Participant: 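Have a look at this one.
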Amino acid sequence: MKLVKVYVTLKPSVLDAQGEAIKSAIQTMDYDKVSAVHMGKYFELNFEDYPDLEKDIDAICDNLLTNPNIETYRYEILEAE
Amino acid sequence: MKLVKVYVTLKPSVLDAQGEAIKSAIQTMDYDKVSAVHMGKYFELNFEDYPDLEKDIDAICDNLLTNPNIETYRYEILEAE
Amino acid sequence: MTEPTAKQIQDSKLYQQWGLSDSEYKLICEKILHRLPNYTETGLYSVMWSEHCSYKNSKKVLRKMPNKSDRVLAGPGEDAGILDIGDGQAVVFKAESHNHPSAVEPYQGAATGVGGIIRDIFSMGAQPFALLNSLKFGPLKDGQTKHLVNEVVAGIGGYGNCIGLPTVGGEISFENCYEDNPLVNAMCVGLLNKTDFKHGTASGKGNLIVYVGAKTGRDGIHGATFASDEFTDTKNKQRSAVQVGNPFIEKLLMDACVEIIERHPNWILGIQDMGAAGLVSSTAEMASKADSGLILNLDNVPQRETEMSAYEMMLSESQERMVLCVKPQFKDNVLEFFKNFELDAVVIGEVTEDKQYKIYHHNELVTDIPVRSLTEDVPEYDRPEVEPARIANNRDYHFMPEIDSLTDTWQKLLKQPNIASKKHFYQTYDSQVKADTLVQPGSDAGVTRIRGTKKAIAMTNDSNSKYVYLDPYVGGQITVMEAARNIVASGGEPIGVTDCLNYGNPENPEVFWELDKSVEGIASACEKINTPVISGNVSLYNEYNDEAIYPSPMIGMVGLIDDMKKVTTASFKEVGDLIYLLGNTFDDFNGSEIQLQQTGAIKGGLRPLDLNEERLHQDLVRQAINQGLVASCHDLSEGGLAVALSESAFDRELGFEIETELTSAQMFSETQSRFLLTVKPEDKTNFENLVLRDYQYLGQVTEDSIFRVTTKDEAVSINGKEALNNWKEAIACLMK
Amino acid sequence: MKFAVVNFPGSNCDMDLYYAIKDGIKEEAELVDYRQTSLEGFDGVLIPGGFSYGDYLRSGAIAVHAPIISEIVRFANEGRFVLGICNGFQILTELHLLPGALIQNEKSRFICETVTLQVMNDQTMFTNQYTKNEKIRIPVAHGEGRYYCDEQTLTELKANDQIVFRYNENVNGSVDQIAGVMNRQGNVLGMMPHPERALEDIVGSSDGLKLFQSIINQVRVNN
Ligand SMILES: Nc1ncnc2c1ncn2[C@@H]1O[C@H](COP(=O)(O)OP(=O)(O)O)[C@@H](O)[C@H]1O
Ligand SMILES: [Mg+2]
């Protein structure tokens, strides 16, 4: 069994409205040492192990988990406990 | 400068409606080796470095980035490039 | 975890922690079971006998409310009440509170409150068509309250928007007493073709109990006893009581249930939602209503988590679940039907004749108790009551505001959070989905048409706990009449009421007195205008560290508009229209927003409400609207005439020029039973002949947005643009 | 004329669109389940608003894997008309039948309001009954309606006159105030505002009616 962790973030050119909102909220909480906040998505997927796993993960990320017009992703494959 | 990566996930007992919906979408896409999908949030925060950083990150996570009733978080602190 | 034995429960008095008193426990052991209840059974009694499920403290009081009229097809006792609106159609509605869950987890608490009330409506076989809500918070001062407000509002919108029901009305107010105990009340209204009406019963030996919807997890276990428990600082401990909603599943469930009842009424004998105390409360009530018994097999219950105990499954408050009673010969049809909606549906039990409630788990009989002992044997309490000293002591106090500058007071009042526009919040609710909304939030009542007919339904949620705090009886009457005036001003005939009764701890005699007196007030007002109370909800123990909230009954009222042409809104329509005030104005400042503005608190008694005059004025307005004589109509409430005039002018950015015998202070008086109307010049004579007495001609609607006001004391010109800005931006400013 | 209103789990403006066709322009309409695999016999496809699959993950993202989708793509590629409103627009961008993407409103809040739109192109099969630069009042109701595309795409959209509606005031922070765009061929339109909620003065506006009349007009001309 594999545990796949996928991280999705907005492309830098896309305004991250939520990240901005959180940044200003952090600043009103008087933490003034924060210079940037970005919000993304995080997925954990459990897979049976098989040879083509990476190919399939790429396909799932490209076709479902992200919208390539606005997002990029990276992932890591770990042994599931 | 530090780059803080925060991972937020639902507590195991909390209904993960999104994860369920994504799992069944992956299955209709004919990837049948997926046994579980969980969706969470991912944040990247840039901070000036200072001694109490960790304490502040904990506070920001507890009060803003997560909802402690239903979510848990972990984070890592890296050197920002 | 191994469960404590029956003996251990008795010895350690564990039942007390679950909310059962010693005498209640004794009653169960000695009179009902003649043995000690085991762990699961004790759990079942503790939730079913909680105030939230049994109304054991409030039943006596609730009986005082009228619940009959020619229109009532079903009243209290069902998931929701039903009123006939002619043409073979009926409206179904109910309101529900979700105060404690929202205090602990504001987004999900509010969202699941909305989800729960929607299920109450479609479980009657009705198609839900509109939502409303009533929210009360502490003042918008600190970040914590703002966060709470934002999250509650987001939860209400998140659920309603996703499921696709328009939120057409509501209210939000702010008082100190709600700072740690916010009130979140939600209402849903649905339409029923009378033949589709389904009772929540489980009758007939061998008929099947079918579970439909989301899987069961450990959500909200003991939510029901928790809602009946006073709030303390130990919030954290209660975090397991958080329920999480899934409006997507509810949408499927709603569509499926409405369709199966409409298309295949013969497949289904009864249907009920799983609300508070989930599986036990729904199934026990269904069986009890039919005087049947029931066997449930918990191994068949769809489960989201592993190793759940019988106790956990029975008490779980996982959302988006329904129970059906199905004839065995249609079992496969029913299961197939729900499968087509991609919903889990399984048989979990069947109806028996022995009137026992039997539960099997892992082939073991874990519960065997009389069905009716859960629902009918609950002791009813007659709580002692005393009039709070604050009321007797302040009855003769009369507040008189001092008006240095009419203009300044006027402008400042419009910024007061209870008066300022709530658009900042309600614009996050989809108020138009279904394309049937005729009057959106922002006028008096919300109005929705019934497609295919000329009819429309007007709906409102109202409460003014300041008045109820000063005088529960008169305050209760005012609450009902304020709601009625909103309906009437919108062109509707008030036909029925639902309520949420939000109070403190009923074991406190002062609180109980407030409850009792305000219900008497509500009852007398409802009788006067023939609006039976057909459903409702009681939320007690709204306290925080021993401080009770204001007694806060919320009235949800529904009105019928027989012809859409009669729909009327509050906004001034044309330059030159004549402005009238119906009803006399007195120095009624106790409990008013002007008192709050000038003294920071409310104090004093209330003048009795003349119900005859109130009824007369409502009837006159209805007749005037029916005869087509009214261009706009607005009821007068908080902030009095000054605020009503301003609000009516804002929508089209018009102005007005008026002259009145009232003093400047009286521009802010909150005397009841008043309406502000505009009439086209050509309708002047007809209108005046109709209303005859009790009216004052004030002046005319003008083009520039300037409010020209001449009172007994002075003549001023108020900048309408500035007024609009004050009123429109105040909340957004505070929320920053 | 016969219109298909494609119904996904969680769509909630399907009936509104159905009535827009039936009662608004008195043509035929039929709800088509997302599990269907054929749109044979229909003249056009309407994708309604709502929260398909709860809008989980990203709005519109899961719907594009439903069985009916390949048929919608075929329909679009054959040059027949496809209209997506609100969630329907989101689905069309997720499908890449329309350029760009719809993301969270600038203020991160859901907004329901009747807004003023400007008709930027009156030469389309969806807008031929309007006049260029006409101002119309149409409700919006969305949380993820901020139109985003990169600069190159925007340049192309402008060059090809693909921007059909703009917001008068930028309610959600969209690039270039874009409220609705069509594909290059002009047979697929996506828009966030809800014309189907603006068909009668009694509900606040009837300015949406001409959009549906435009479609009818165009199809009649074609036949
Ligand atoms: N939480 C809310 N949700 C929806 N509509 C609201 C809400 N709060 C206020 N409104 C709307 O704003 C308008 C004015 O509300 P309010 O001042 O409470 O009216 P009134 O005093 O006449 O009862 C009404 O149309 C009401 O429905
Ligand atoms: Mg009103």
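It should be emphasised that the depicted structure is a prediction, and the values quoted were computed from it without experimental measurement. Per chain, numbering begins at 1; letters A, B, ... match sequence-line order.
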Participant: Residue by residue, scan residues 42-51 of chain B and write down, ordered by number, those that have a heavy-atom distance under 4.5 Å to chain A; if none do, write 'none'.
Facilitator: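 From residues 42-51 of chain B, the residues near chain A are B:Y42, B:F43, B:E44, B:L45, B:N46, B:F47, B:E48, B:Y50.
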Participant: Residues of residues 15-27 of chain A under 4.5 Å from chain B (heavy atom pairs)?
Facilitator: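 Within residues 15-27 of chain A, the residues under 4.5 Å from chain B are A:I22, A:A25, A:I26.
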Participant: Less than 4.5 Å to any heavy atom of chain B: does that hold for the side chain of A:V6, its backbone, both, or neither?
Facilitator: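 The answer is neither part of A:V6.
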Participant: Pick one of side chain, backbone, both or neither for B:K5, based on which atoms fall under 4.5 Å of a heavy atom in chain A.
Facilitator: side chain
Participant: What part of B:V8 lies closer than 4.5 angstrom to a heavy atom of chain A: side chain, backbone, both or neither?
Facilitator: backbone
Participant: Below 4.5 Å from any heavy atom of chain B, which atoms of A:L65 appear? Answer side chain, backbone, both or neither.
Facilitator: side chain
Participant: So how far is it from A:N63 CG to B:M29 CE, rounded to the nearest 0.5 Å?
Facilitator: 5.0 Å
Participant: Would you compute the distance between atom CG of B:L53 and atom OH of A:Y31 and round it to the nearest 0.5 angstrom?
Facilitator: 11.0 Å
Participant: For A:M39, which atoms come within 4.5 Å of any heavy atom of chain B: side chain, backbone, both, or neither?
Facilitator: both
Participant: Can you tell which of A:V4, A:L3, A:I60 has the highest number of heavy-atom pairs within less than 4.5 Å of chain B?
Facilitator: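 The residue among A:V4, A:L3, A:I60 with the greatest pair count is A:I60.
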